[in-house]
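Here is how names work: the chains are called A, B, and so on, in the same order as the sequence lines, proteins then strands, and each is numbered from 1. Values in this document were obtained by computation on a predicted structure and should not be read as measured data.
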2 protein chains.
Amino acid sequence: MASNSRVTIAAHALAWLELARRRGQGSLTSDEVAASVNTNPVILRRSLGDLKRAGLVTARRGTRAGFSLARPAEEITMYDVWMAVAAEPLLALHRSEPNKECPVGNGIQPVLTDVYDEASSAFGTALSRRTIADMLDRILK
Amino acid sequence: MASNSRVTIAAHALAWLELARRRGQGSLTSDEVAASVNTNPVILRRSLGDLKRAGLVTARRGTRAGFSLARPAEEITMYDVWMAVAAEPLLALHRSEPNKECPVGNGIQPVLTDVYDEASSAFGTALSRRTIADMLDRILK
DNA sequence: CGGGTTGTAATAGGAATGGTTACGATGGCA
DNA sequence: TGCCATCGTAACCATTCCTATTACAACCCG
């Protein structure tokens with residue numbers, strides 16, 4: 001399990017927030033979301049913090065506190081979620097600089113960066129076709 | 001630096017093998033490849049082992065040992081490389097099972113799997129458009 | 001002001017990775 | 001046949017990242 005499950009957790013939280021909204025529940029606490037995702041509330045507060053910074057959710061503090069979607073679930077795509085929580089690129093370059101004396105070592109990094117950027121862009125485009133609303137509809141089916 | 005640099009190392013090795021071939025050098029040892037990638041020969045033997053299992057390179061043992069491409073560099077794509085060395089999916093599902101009592105926790109995994117599969121497929125398609133020969137040409141330009 | 005919740009720091013455990021050493025297996029060549 | 005360079009792989013370590021957990025200050029509604 002090397003790769004992040006952060007996108008999964010964030011998508012799960014957003015879907016749950018949208019379901020709560022449809023049920024007439026204004027907001028959910030990190031405890032309530034954590035119970036569905038089956039993890040610690042702090043993990044959720046961190047993930048939801050990323051989503052808040054990206055403008056996807058709003059948080060209220062105080063006694064009647066909790067999280068809710070900042071805009072319609074039809075207008076939140078998986079690309080938005082990915083951008084909000086994924087820090088690392090999908091594929092990494094060399095850990096230690098390649099040997100610049102060798103023609104391949106010297107010139108490979110910009111070429112690989114191009115290739116990885118193209119592929120990641122295609123990945124993002126595919127994600128942008130799915131919204132939280134779509135996904136919740138499928139989940140409930 | 002969470003994500004793998006294995007694809008990078010493997011692509012680098014293949015480009016270097018192809019350059020050696022163009023220069024008339026039949027094969028390279030793991031030491032020679034490691035010198036260009038700037039890492040340990042054992043790392044290269046591990047990566048090249050993956051590539052060998054995928055049929056992209058051949059290895060000879062004994063005194064005159066070394067690695068060489070198993071087929072023309074024009075027919076090895078970055079998708080082949082990715083498939084050969086990437087063990088983990090690009091995005092992971094939940095680390096611990098979500099709560100099946102909750103409708104979202106119960107139904108979200110197949111939906112997410114679909115979305116991730118679609119996006120990964122788009123990623124792979126983009127990679128399949130670049131061959132080792134293409135990349136080496138760009139590197140040497 | 002009281003109580004419940006967010007926001008975040010500190011820390012720990014576990015997993016994966018790259019790196020390193022070591023050594024048996026292989027096979028060309030003297 | 002025996003040497004020796006090199007592959008193939010196991011074992012181990014250090015580092016890094018992720019999730020989980022505890023703790024607590026900041027916040028704000030009633």
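- One interatomic measurement links the two molecules: CG of B/N4 to C1' of D/dT16, which rounds to 13 Å at whole-angstrom precision.
- Near-neighbour residues of DNA chain D inside residues 29-41 of chain A, defined by a heavy atom below 4.0 Å, number-ordered: A/T39, A/N40.
- Of the two residues contacting DNA chain D, namely A/R64 and B/A65, the nearest-nucleotide position lying further toward the 5' end is that of B/A65.
- For the pair B/R6 CZ and C/dA16 C1', the interatomic distance rounds to 9 Å; values are reported in whole Å.
- The heavy-atom pair separating B/I139 from A/P103 by the smallest distance is CG2-O, 3.5 Å.
- Rounded to whole Å, atom P of C/dT17 lies 6 Å from atom CD of B/E88.
- Comment: B/D137 engages B/R22 in a salt bridge, judged by a side-chain N to carboxylate O separation of less than 4.0 angstrom.
- For the pair A/S27 and C/dT5, the criterion of a side-chain N or O lying under 4.0 Å from OP1 or OP2 is not met.
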Quick one: which protein N/O atoms are closer than 3.5 Å to N/O atoms of nucleotides 8-14 of chain D? Pair and distance per line, please.
unit_1 : atom_1 : unit_2 : atom_2 : d
D/dG8  : OP1    : B/K52  : NZ     : 2.6
D/dG8  : N7     : B/R45  : NE     : 2.8
D/dG8  : O6     : B/R45  : NH2    : 3.0
D/dT9  : O4     : B/R45  : NH2    : 3.4
D/dA11 : N6     : B/R46  : NH1    : 3.4

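- As rounded to whole Å, 11 Å separates atom P of D/dC18 from atom CG of A/D50.
- For the ring pair (Phe, Tyr, Trp, His ring centres under 6.0 Å) condition, no pair includes a residue of residues 54-80 of chain B, sequence neighbours left out.
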Enumerate donor-acceptor pairs with a distance under 3.5 Å from any side-chain N or O in residues 34-43 of chain B to protein atoms, sequence neighbours excluded.
unit_1 : atom_1 : unit_2 : atom_2 : d
B/S36  : OG     : B/H12  : NE2    : 2.8
B/N38  : ND2    : A/E97  : O      : 2.6
B/N40  : OD1    : B/V42  : N      : 2.9

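- Going from atom CD1 of A/I43 over to atom P of D/dC17 covers 17 Å, rounded to whole Å.
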Only distances under 3.5 Å count here; give the side-chain donor-acceptor pairs of residues 50-57 of chain B to other protein atoms, sequence neighbours excluded, each with its distance to 0.1 Å.
unit_1 : atom_1 : unit_2 : atom_2 : d
B/D50  : OD1    : B/R53  : NH1    : 2.9

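- Residue pairs meeting the ring pair (Phe, Tyr, Trp, His ring centres under 6.0 Å) criterion with at least one member in residues 18-58 of chain A, sequence neighbours excluded, do not occur.
- What separates CG of B/L91 from C1' of D/dC18 is a distance of 15 Å, to the nearest Å.
- Within the structure, every pair that satisfies the salt bridge (Lys or Arg N to Asp or Glu O under 4.0 Å) test and touches residues 112-131 of chain B, not counting sequence neighbours, is listed here: A/E118-B/R130, A/R130-B/E118, A/R138-B/D114.
- Remark: A/F123 engages A/W82 in a ring pair (Phe, Tyr, Trp, His ring centres under 6.0 Å) (not counting sequence neighbours).
- Residues that satisfy the side chain to side chain donor-acceptor pair (under 3.5 Å) test with A/S128, not counting sequence neighbours, are absent from this structure.
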